[in-house]
Amino acid sequence: MAAEQTSRFTVTRNSQAVAADQRALLLEDPGFGRLFTDHMVTIRYTEGQGWHSHKVEPRAPFQLDPACAVLHYAQEIFEGMKAYRLEDGSIAMFRPEENARRFAESAERMAMPAIPEELFMEAVEQLVKIDADWIPGGEGSLYLRPFLFASEAFLGVRPSNEYIFCVIASPAGAYFKGGKKAVTLWVSDHYTRAARGGTGAAKCGGNYAASLVAQKEAIQHGCDQVVFLDAAENKWVEELGGMNVFFVMDDGSIITPPLGTILPGITRNSIITLARAKGIDVREELYSFAQWREDATSGRMREAFACGTAAVVTAIGTVKSTGGDFTIGNGDGGLVTESLRAELTGIQRGAVADPAGWVHMV
Ligand code: PLP
Ligand code: COI
């Protein structure tokens, strides 16, 4: 395979790339996270040398030493972001600078080197460009997964001296099997996700590893996602396994849990901004599970929704727990959820004006 040099990246095209007709077939129903494109980006980091060996190369397995630090102590972080094919054929990403910034913050929390934001952006753009044919049309998108892991072969417990940064891409349709249908949640009453001083605000693999047993419990109870309550009092609603949560009240106001131990979602921040611009009173405040049940039952809560890059904006229908079930509104979402979703996806896909400059053309 011939390599060519573009800027600081050495680019090697995949000579065994998936054929166009087969790719088109795969893109008809991409689902989420099970299809991958032909290439990946890798950049190495070595203490004392910095970032080096920038490559765009055929997607392939890594060869890792069995003592590789990430396999033992989980020193790893990741991001989730999307590239969209706009109506005129151009390609856009949504607020990628925010992912670059959050990646640097996650790195700091996990005692890892922060990749410079412009290098993160360049890496992601290189991959989007070389695998642009993999961006599905219609409501699909190309989900991008930048990640960084400790690659030194060493068993002492300390920050690694070597790291691999990688970006892979996965054509995506709806995250939930039911598409835009309202989801059912399971409230975990004994597993928690994050404590004060912990890693809840970082996007590190360990947070997700710890969430899996609770997510498994949710599935066993016929639910789509788990909701975590706070670790100190087991009282306050925090977030779902992979999404932030919003509540729409009957006076038109919106409540969402405050930052601290939750992931500072970029979708969350965008929804708050869009809702406030519409004159909606959005409060970032503690909200208890007991209050949620009471407000849903009394009708004071009209709608609730989950949001994130993968899930976009998805209505919450029913909430189940060991203390019984309750349904929000008519169990099928509502107008506020729908209008915020339409506005957000409209901006992401270039169909709605973008006053804040969130859309980044590739
Ligand atoms: N909370 C968790 C735990 C997540 O995994 C995600 C998804 O990335 C979010 C919230 C939403 O974050 P964002 O909107 O930046 O995708
Ligand atoms: C994302 O939305 O990007 C996430 O990382 C969440 C995960 C459920 C896929």
Side-chain angles (χ1 to χ4, degrees), residues 30-36 76-84 93-106 109 120 124 141-148 167-177 183 185 188 191-195 198-212 214-216 218-219 223-231 237-246 256-275 284 304-314 316 340-341 344-345 347-348 358 360:
F32 184 87
R34 54 180 175 79
L35 279 183
F36 299 98
E76 189 267 356
I77 58 169
F78 67 96
E79 266 306 323
M81 54 209 288
K82 283 177 171 172
Y84 307 89
M93 286 193 285
F94 184 70
R95 308 187 75 184
E97 311 81 7
E98 294 299 318
N99 296 93
R101 190 170 312 148
R102 188 170 65 189
F103 199 65
E105 285 164 8
S106 297
R109 176 62 184 84
F120 176 100
V124 169
S141 57
L142 187 64
Y143 183 80
L144 299 153
R145 173 54 64 86
F147 59 104
L148 177 70
V167 192
I168 54 173
S170 174
Y175 184 75
F176 291 110
K177 277 209 189 78
V183 290
L185 304 184
S188 179
Y191 294 116
T192 59
R193 179 183 174 277
T199 57
K203 206 161 166 63
C204 60
N207 286 345
Y208 297 80
S211 77
L212 295 178
Q215 177 64 23
K216 202 168 131 190
I219 305 282
C223 298
D224 301 288
Q225 271 274 306
V226 60
V227 191
F228 287 105
L229 305 181
D230 77 291
V237 180
E238 294 223 309
E239 63 179 323
L240 315 192
M243 288 143 228
N244 293 117
V245 61
F246 284 75
T256 193
L259 296 182
T261 51
I262 64 170
L263 191 80
I266 295 160
T267 318
R268 173 188 180 279
N269 175 276
S270 308
I271 292 283
I272 291 173
T273 307
L274 292 177
E284 297 175 71
F305 61 87
C307 71
T309 299
V312 194
V313 172
T314 304
I316 297 166
L340 287 167
R341 199 180 69 80
L344 179 72
T345 55
I347 295 171
Q348 288 169 335
W358 286 345
H360 175 99

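Here, residue 1 is the first one in the sequence, and each next residue gets the next number. Just so you know, ligand 1 is whichever comes first in the structure, and atom 1 is the first atom listed for that ligand. The model shown is predicted, which means the values in this text are computed figures rather than measured ones.
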### Query
Going by the atom numbers of ligand 2, which of them fall below 4.0 Å from some non-hydrogen atom of Gly80?
3 (O)
### Task
Answer yes or no: is there a side-chain heavy-atom contact under 4.5 Å between Arg109 and Ile77?
no
### Query
At what distance, to the nearest 0.5 angstrom, does OG of Ser270 lie from CZ of Arg95?
4.0 Å
### Message
Does any part of the side chain of Val124, heavy atoms only, come nearer than 4.5 Å to the side chain of Glu79, both counted from C-beta?
### Response
no
### Message
Please find the pair of heavy atoms, one from Asp224 and one from Gln215, that lie closest to each other, and give the distance.
### Response
O-NE2, 2.9 Å
### Gln215 contact mode with ligand 2 (heavy-atom cut-off under 4.0 Å)
neither
### Subset of ligand 2 atoms that lie under 4.0 Å from at least one heavy atom of Tyr143
1 (C), 3 (O), 4 (C), 5 (O)
### Query
Does the side-chain contact (heavy atoms from CB on, under 4.5 Å) test come out yes or no for Thr309 and Phe94, once each step is laid out?
CA-CA 10 Å; Thr309 299; Phe94 184 70; over 6 Å; no
### Task
Write out the residue and atom name of the closest protein heavy atom to atom 6 (C) of ligand 2, then the distance separating them to 0.1 Å.
Gly242 O, 3.6 Å
### Summary
If we number the atoms of ligand 2 from 1 as shown, the ones under 4.0 Å from a heavy atom of Arg145 are 5 (O)
### Query
So, the side chain of Asn244 versus the backbone of Gly308: is there a donor-acceptor pair under 3.5 Å, distance only?
no
### Message
Can you name the atoms of ligand 2, numbered from 1 with element, that are less than 4.0 Å from a heavy atom of Thr309?
### Response
2 (O), 3 (O)
### Query
So which heavy atom in the protein is nearest atom 8 (C) of ligand 2, and how far is it from that ligand atom?
Tyr175 OH, 3.3 Å
### Query
Relative to the ring of Tyr143, is the ring of Phe32 parallel (under 30°), tilted (30 to 60°) or perpendicular (over 60°)?
perpendicular
### Query
Between Arg101 and Glu98, is there a side-chain N and carboxylate O pair less than 4.0 Å apart?
yes
### Task
Give the atoms of ligand 2, by number and element, whose distance to some non-hydrogen atom of Lys203 is under 4.0 Å.
4 (C), 5 (O)
### Query
How long is the gap from NZ on Lys203 to CG on Leu148, to the nearest 0.5 Å?
14.5 Å
N/O to N/O under 3.5 Å, ligand 1 against protein:
residue, atom, partner, partner atom, Å
ligand 1, 1 (N), Glu239, OE1, 2.5
ligand 1, 5 (O), Lys203, NZ, 3.3
ligand 1, 5 (O), Tyr208, OH, 2.4
ligand 1, 8 (O), Lys203, NZ, 2.7
ligand 1, 14 (O), Ile266, N, 3.3
ligand 1, 14 (O), Thr267, N, 2.8
ligand 1, 14 (O), Thr267, OG1, 2.5
ligand 1, 15 (O), Arg102, NH1, 2.8
ligand 1, 15 (O), Arg102, NH2, 3.1
ligand 1, 15 (O), Ile266, N, 2.8
ligand 1, 16 (O), Thr309, N, 2.9
ligand 1, 16 (O), Thr309, OG1, 2.6

### Query
So is there a nitrogen or oxygen of Ala310 less than 3.5 Å from a nitrogen or oxygen in ligand 2?
yes
### Message
To check you understand the geometry: which heavy-atom pair defines the closest contact between Thr261 and Glu239, and what is its length?
### Response
O-OE2, 4.3 Å
